[in-house]
Structure formats: C-alpha cells, structure tokens
Visitor: 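Sharing a structure below in structure tokens format, with a few things to ask.
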There are 4 protein chains.
Amino acid sequence: MSETRRGRPRRAEIDARVIEVATELLLRRGYGGLSPDEVAERAGIAKTTLYRRWPTKDHLAFAVVARLQDDDEITDTGDIRRDLPAYLEKIAAGLERMRRAGRDPGDTGDTGPGPGSVADLLAAAARQPEVGELVREMYARRNTLARALLERARDRGELRPDLDVEALFDQLAGALYYRVLVTGLPVDRAYAERLTDTALRGAARERN
Amino acid sequence: MSETRRGRPRRAEIDARVIEVATELLLRRGYGGLSPDEVAERAGIAKTTLYRRWPTKDHLAFAVVARLQDDDEITDTGDIRRDLPAYLEKIAAGLERMRRAGRDPGDTGDTGPGPGSVADLLAAAARQPEVGELVREMYARRNTLARALLERARDRGELRPDLDVEALFDQLAGALYYRVLVTGLPVDRAYAERLTDTALRGAARERN
Amino acid sequence: MSETRRGRPRRAEIDARVIEVATELLLRRGYGGLSPDEVAERAGIAKTTLYRRWPTKDHLAFAVVARLQDDDEITDTGDIRRDLPAYLEKIAAGLERMRRAGRDPGDTGDTGPGPGSVADLLAAAARQPEVGELVREMYARRNTLARALLERARDRGELRPDLDVEALFDQLAGALYYRVLVTGLPVDRAYAERLTDTALRGAARERN
Amino acid sequence: MSETRRGRPRRAEIDARVIEVATELLLRRGYGGLSPDEVAERAGIAKTTLYRRWPTKDHLAFAVVARLQDDDEITDTGDIRRDLPAYLEKIAAGLERMRRAGRDPGDTGDTGPGPGSVADLLAAAARQPEVGELVREMYARRNTLARALLERARDRGELRPDLDVEALFDQLAGALYYRVLVTGLPVDRAYAERLTDTALRGAARERN
DNA sequence: AGCTAATCGAGACGGTACGTCTAGTCTTAAA
DNA sequence: TTTAAGACTAGACGTACCGTCTCGATTAGCT
C-alpha cells in the first residue's frame, strides 16, 4: 500500500528544531517578529527546507500555536459549575500567553491591554484557506469536548433539557476572545466564574 | 478662549476624499489590498500629506472602520427581548461587512467561512498602541450604550436585579466575534435571537 | 533715484544669523548635513523667510562659502618665487577647510583622503545656473588678482615675455583642486612650493 | 584551489544590462536624473537585485563612469610633445562627455559653461568612502600610465632629469579639471597643447 | 488714522527619490 | 529527493528632503 519513497529521506529532527525556534521567536517578538529567514538561520537549515514543510509563514505560525495548545485536556467531575470554569480558564490561559507574545521582556508582568498576537494568528488563518481549515479543525475538536461535557451535564439534569448547547459555548468562549481581542481586559479564573454564573443562571428575572 | 491658529490650515476635504478612497479599497480588496501609496494617488494627494494625518497604514485602516460603524444607533422599545437581538444584529452586520471585505466580487454571495479582514483590523490595533487605544474607545462607547439598555431593562424588572451586566454583554457580543473570527460561521438575525434566548433564560435547569 | 521701498523692511540681522548657523552646519556635517529646515529652526526664523533670501539650498551653501573665502588677499613682495606659493597656500587652506567639512569632529586631525564637501559645492553650482554664475564671478576676481601678480612679474622680467598666463594659473590652481578632489592627497605649503618650482623651471631639458 | 561556489550564482548578464541602462540615463539626464528605481525597471530586474550589487546610487553611478573611461589607452611615439597633448585630450574628452551629461538634447551644441555631472560624481565619491576608494584606484591606474610616459621621456633626455613628475602631471590633469569644474570653459585639443607647451618650457625667463 | 505693500512665523502641502524590508521562488552543487 | 546556500522577484512601506503655498500677524511708508 504505502508506496516506496525515493530519494533522500527528510531529516526528522528538523521539524522539532524549527518549531522550537519559531515558538521562541513568536512568543518573544510576536507575529511580526517571526521571520522565516531568521527561523531558518537559527535552526541551521536552509529556507528551501523550511518552505518545503511549511509553505507559508502563516502555516508555520499556526504549527507553533497548534503545538502550544495541544495539551488542553478536559476533566469531568460531574459538577458543571466546577468543570466549566476550569475549562474556560485553560482556554483563557492559552489566549493570555499569545496575548503577551511580543511584549517587552523586561516587564513587570503588566503587559497593558491589547490582543497581542492573537489577532495576527486569526488573520493568518483568514489569509490562507488551508490554515483556516486547520484552525477550524482544531477548534472543532475543542468544541466537541466542551459540547460533550455540557451534554453530559444536561443528561444528568444539571442543565435544562432544551438547552442550545452551541449558543451557550459560543457565548462562553466568545466572551474570552472578546475580552482579549477587543476590550483588552485580562481573562482569569475569577472572570471565568462570572461568566459561568451569568450563563447558567440566566439574565431574565426569575419567574415565581 | 480659542487659541489662534498658526500656520497653513489643513485642507478639510482631504480627509473625506482619503477615507472614501480607502474605504472602497478596503472593502473591495481587504486589508492586504489597502495600500497607502495607492490611496494617496487616487485621492490626488501626496504621500506625505497622507502620512501626516494617518501615521501608519494601520491608523488609516482604523479610520475607515471607525467611520463605517459610526452610525450604530440603539433603539429602546421597552422590550429587551426585542431590542437586544436588534442591536446584536447591527453589530453582526458590521462584522459581516468586514468579513466579506476582499472576497471575490463576482461571487454568488456565499463567501465561505473565515474572518476576512476583521482579524487584520484587530491585529492593526495590536501593532499600534495608539490605534488600540482608539479601538477600545470606540468599543467603550458601544458598550456604554448596550449597558444602558440592559440597565434600564433591569430597572424595569425585565432582568434580574443582581445581573452582571458586563459579563452578559461580553457573552453576547463575544459570541458574534467568536463565530466570525473562529468558527467562521455566519451571524444573522436568527442567531442573534438564539443568543438572546439562551442568555436570558439561563442554562441551568429551572429549580422546583 | 533709488525708488522708495514699500512695505515692511527686511530684518537685517537675519542674514547674519542664518549664515552663521549655516556655516556651522556645513562645516560640521558637510553639504548633505546642511538642511534648510534645520537652519531656519536654529536661526529662529520661518522657512518662508529663508527662501525669500536664498531661493535654494544651493544658493545658501554658496553664500556660506563665499563669505568663508572672502578674505583671500594677495601680497606682492616683488619676488614671484615667494609670492606665488604664498597665494597658492591660501587657496589650498580654503580647500582644506571645505574638504574637512563633515568629517568626524572628535578627530585626530587626520581626516583621510577624499574631497569632502568641495565637490558638493561645485555640483551645486552646476545645478543652479545662477549659483554657477556667482561662483565663476568669485573665481574671476581671484583670477584677476593672480593674473595681475603674474603679469607684474613678467613685466619685471621674472617671467618670460610670451608666457601664457591663463594656462599657467590654470595649472597651478588646477593642481590644488585635482589633489583635493581626485587623488585625495593633502595640499600644503610644501606642495605649493613644488608646484611653483616645477611650473617656473619647466619640464623640458634645458637646452645646452 | 578555486573554492566551490555555494548557492545560486549571480546572473552575469544583469550587470551588463544595468550598466547599459544606467549609462544611458546618466548621459541623457545627468546624475540627478539617474534613479535606481527606473534603472531597475528598465533593466527588468527587481530593486533588491540592483541594490545587492550596487549598494547605493553612488556606487552605480561610479560603475557607469568607470566603464566609460575604461578604454583610455596611451600611445608612446617617442615624442613627448606629441604624446602628452594626445593623452590630455583623451582625458578632456571624457570630462567633456560627463560635463555635457544631462544638458538639453535638442541643443545647438553649445552647452554653456559649468561642470555638468562631473562634480556630482566626485561628490558621490566623497559621500561613499568605498566609492572614493574605487575612484582613487581608477585614477591611480591612469596616473601610473602617465607617469611611465613621462619617465620614459625623461630617460630619453626629453625632460630634465630631476623633474617632479607627480607635480607635473597634477598640473596638467588638474588644469583640465579646473577648467571644467570651476571656470566652466571648454577643454579641447588646442588647450591641451597650450598646457603642454607652458609646462614644458617653464614660466621663468630663460637664463642665457 | 487708514491704506497699501511687503515681511515674518507657522506649518500644511506636493512631489519624488531612496532605500529597507519581507515573503516566497528559483538555481546551483552536494549528499 | 532532500539539503544548503544564496540570488532573485515583487512590491509595500515609510522616511527624507526640498521647495511652495496659505494662513494670520506685523511693520513700515504713503495718503
């Protein structure tokens, strides 16, 4: 089945080295400071090699981010009021890391408002249809996890039976993105809990 | 009071002409297709003049978007279940317009998924601190309107008294951005109503 | 006869202040570092005022140089073998000063080879016909002096009667310019004497 | 011996095409009318390629002039009174060509006084130390030829044995430059002969 | 005292050259 | 076929510079 490869095989360690270098550059200097030329030079490879594996800078940047967020696991303790903020916080942490990318290194920790490189990466996905597809796949996996969590909670009776799960998750995740991208305010555990609470209780006055 | 003006005054019509030209380019070709050189040439002014008023391309792009969204008004009929989706739809329409910017004009209407130029503009705000500030101001104005709408509804008794207004609006607006930027799905009136409904009713199972 | 001036008279002290500032800039930074904008600002005047008096930067630069070389006097002791090198040395000193213009100030005195700003000033004269005319007038005055010196020496019997005075002076002055502009070698008293000696004695082998 | 070449080799024909285009522009429009952008476009290459080979406009301009004067050969018939004016005339022709560069083409032949682009090129050499070095090398080669001519004549007994060859050649070449650059008068065969005659005979009254 | 004419200060404006930067492709030779 | 090295394309972006223009405010002489 697997057709035999001809010619010189790719050196496997190059991928790792490139991603490592690119990750450092992206986090230290932001998207604008990530230059294929420099990545190639620092990784000790030729540009040809780089472009053979990641056909555009946008592909490379996505590869970096994908690896950074790979590890988002979800835990299900059976209590949605605990699990949901915990998961949101994980998402928030990933956003915060990208938001801080490219800010002054000698910082006091306060990086000021603003979306950092998050928007650049979304823009990259917009420019390259292929990257956009990959991004959506990545988010689809995440959504699947979150949706399953919510559906289990619904089935347990914690959430109402006719809940619009998609809309709910859009709201929760969306709020995080909105904060980071638009208002520039930080997202942290406390905020994740406010969101959860507001979403679960509902805004309407309780009927009695 | 009004301190005397010194020097040659700026020609006022230049602003209008430039924004007009830039708007057309941005909408037709997207952020990447907006070139200061071309704007200057089409507007019949020198590049220096352009850069004196908008010191970077990012400033110019923001100016375009700011004017496009200038007109978002809010109407308050006294029924939050009607006013809220109406306002969300206006925001959505603005996003959709920017999302479509730069896609092929001879299109069938279906522009495919993806954030279009929305992310580019947020990235611009991230690159230029000054633009970021302006963006946040613009959104702060919008938020103030929305917040007032929600607070009046709360005072009327439509919403619960201890509602976290900020979190609620983040969720609603955020969901729109999340859809456009991340999942690439369209945002329309129907979606605005799903959001409103989900947010108002709350996700939790009604007690008793 | 002199028709009465109408309107506000020019402020006389401005000329002096501008030339002073321009001279310092030209000598410190060379022709390229002489900027009308900066001259105006440092002299505390408006650009309008500057350009009313010196219609181009080239005119201004020439004005600076003209004043620097104003004082070249000629002395006639009756001995051409002494007077000629003395005069050449004066010319050389002026050239050296301009040659050094724009070189590092913290220098050890050795400014390296190269023509410095001399060529820039000649280029200025080439660009502006009016300045060229002024330059040629300036040199014509100098030539007249030198020519008179040589003619008196000829009449005294120091030089041969059928001497081509113009060619001789071209050779002497030209050698100075050639050194400064082309070979980049320094011109000093010793060199002035070598020139004088070579020119007076002639290159041809003395006949029997 | 010859170490192996790495990377893509430079396309050799680019040099020729660029120089050709640049030469035409320089001669037709003078130094000020020589624009790297236009050269690149007309030569059909990218600006980066141009700047890789000639890092500034000044380098490019020098390359043009260097090639124009490449072919100055010297002939030695054994009669210094014939060879010297002939060689001077060649130098003069080169100067005249550059002097005329950029003057109106529809001219009557009379280009008026002034140094044309000669001064611009010397100024270029002054601005770019590297170009200055190249210029001095070029002139050093020329000087070597002339010096050899003079020395052979001296050895033959045409010139006096203790002649200061350097000073003599400075005088002759310098006079040409002085005329072109300063007095703006034309240099031609007749002038070359006046110079030679004056220099060889000497200015001093012949002793008897 | 008002009128006229020119200067002055401040800064916008035009026009354009110059060079830098970046992403990505192509062409060699060697492995 | 991959890899290294580096030339090449294409063009955007912003800066620098010179000189012009347009205001309002002055400052003189003339009427």
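FYI, side chains are in, hydrogens and waters are out, and symmetry mates aren't considered; it's all heavy atoms of this structure. Throughout, a chain's letter reflects where its sequence line sits, starting with A, and its residues are numbered from 1.
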Visitor: What is the nucleic acid contact for A/R53, judged by heavy atoms within less than 4.0 Å: base, sugar-phosphate only, or nothing?
Guide: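 Contact class for A/R53: sugar-phosphate only.
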
Visitor: Let me know the distance between CD of B/E38 and P of F/dG14, rounded to the nearest Å.
Guide: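 That distance rounds to 15 Å.
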
Visitor: Treating B/S117 as the side-chain partner and B/R99 as the backbone partner, does any N or O pair qualify as donor plus acceptor under 3.5 Å?
Guide: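 Absent.
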
Visitor: Regarding A/G44, tell me which of base, sugar-phosphate or nothing describes its non-hydrogen contacts under 4.0 Å with the strands shown.
Guide: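 A/G44: backbone/sugar contact only, no base atoms under 4.0 Å.
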
Visitor: So what does D/T49 hit on the nucleic acid, given a heavy-atom distance under 4.0 Å: a base, only sugar-phosphate, or nothing?
Guide: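 The residue D/T49 makes base contact.
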
Visitor: On DNA chain F, does the nearest nucleotide to D/R11 precede the nearest nucleotide to B/L34 from the 5' side, or the other way round? Give the residue.
Guide: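 It is D/R11, whose closest nucleotide lies nearer the 5' terminus.
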
Visitor: What is the distance, to the nearest angstrom, from the CG atom on C/L25 to the P atom on F/dC18?
Guide: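 Computing the C/L25:CG to F/dC18:P distance gives 11 Å.
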
Visitor: Any side-chain N or O of C/R52 below 4.0 angstrom from OP1/OP2 of E/dC8?
Guide: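 The answer is yes; a side-chain N or O of C/R52 sits under 4.0 Å from OP1 or OP2.
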
Visitor: Please report, rounded to the nearest Å, how far the C1' atom of F/dA12 is from the CZ atom of B/R127.
Guide: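 Atom-to-atom, B/R127 to F/dA12, this comes out as 13 Å.
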
Visitor: Using five pairs at either end of the helix from E/dA1-F/dT31 to E/dA31-F/dT1, determine the angle between the two local helix axes and round it to 10 degrees.
Guide: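 Taking five pairs per end, the axes differ by 10°.
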
Visitor: Stepwise, does the side-chain contact (heavy atoms from CB on, under 4.5 Å) test hold for C/E24 with C/V21?
Guide: CA-CA 5 Å; C/E24 203 214 319; C/V21 169; 6.0 Å; no

Visitor: Does atom CD (A/E38) have a neighbourhood of more than 12 heavy atoms from anything else shown, all under 6.0 Å?
Guide: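 Yes, because the 6.0 Å sphere around CD of A/E38 holds more than 12 heavy atoms from other groups.
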
Visitor: Would you sort out whether A/D58 and A/E130 count as a side-chain contact (heavy atoms from CB on, under 4.5 Å), showing the intermediate values?
Guide: CA-CA 10 Å; A/D58 290 333; A/E130 199 180 324; over 6 Å; no

Visitor: Distance check needed: E/dG15 P versus B/I14 CD1, whole Å only.
Guide: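 About 11 Å, once rounded to whole Å.
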
Visitor: Below 3.5 Å between N/O atoms, which protein atoms pair up with nucleotides 24-28 of chain E? Just atom names and distances, please.
Guide:
| from | atom 1 | to | atom 2 | distance (Å) |
| --- | --- | --- | --- | --- |
| E/dG24 | OP2 | A/Y51 | OH | 3.4 |
| E/dG24 | OP2 | A/K57 | N | 2.7 |
| E/dG24 | N7 | A/K47 | NZ | 3.2 |
| E/dG24 | O6 | A/K47 | NZ | 2.8 |
| E/dC26 | O2 | D/R8 | NH1 | 2.9 |
| E/dT27 | O4' | D/R8 | NE | 3.4 |

Visitor: Could you check how far CG of A/L50 sits from P of E/dT22, rounded to whole Å?
Guide: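 Result: 15 Å.
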
Visitor: State plainly whether the residues B/R17 and B/E13 are in salt-bridge range, i.e. N to O under 4.0 Å.
Guide: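 Judged by the 4.0 Å cut-off on N to carboxylate O distance, B/R17 and B/E13 do not form a salt bridge.
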
Visitor: Grab the CD-P distance between A/E13 and F/dT2 for me, whole Å please.
Guide: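 It is 15 Å, rounded to the nearest whole Å.
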
Visitor: Could you tell me the separation between the CH2 atom of B/W54 and the P atom of F/dG14, rounded to a whole number of Å?
Guide: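 Atom-to-atom, B/W54 to F/dG14, this comes out as 14 Å.
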
Visitor: Using a strict 4.0 Å threshold on nitrogen-to-oxygen distance, state whether A/R42 and A/E20 make a salt bridge.
Guide: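 No salt bridge links A/R42 with A/E20.
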
Visitor: Can you tell whether the side chains of A/D120 and B/R127 come within less than 4.0 Å, N to carboxylate O?
Guide: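 Between B/R127 and A/D120 there is a salt bridge, with a charged N closer than 4.0 Å to a carboxylate O.
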
Visitor: Within this structure, what is the CZ-to-C1' distance between A/R10 and E/dA31, rounded to whole angstrom?
Guide: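 Value for this atom pair: 16 Å.
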
Visitor: For A/Y31 and B/I45, take the nucleotide of DNA chain E holding the closest heavy atom to each; which residue's nucleotide lies nearer the 5' end?
Guide: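 First, find each residue's nearest nucleotide; the 5'-ward one identifies B/I45.
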
Visitor: A cation-pi test, strictly: NZ or CZ of D/K57 under 6.0 Å from the centre of the six-membered ring of D/Y51 and no more than 45 degrees from its axis. Yes or no?
Guide: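 Verdict for D/Y51: no cation-pi partner in D/K57.
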
Visitor: Is D/T49 reaching over with its side chain to a backbone N or O of D/I45, donor-acceptor style, under 3.5 angstrom?
Guide: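 Not at all, since once roles are kept as given, no pair shorter than 3.5 Å links the two residues.
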
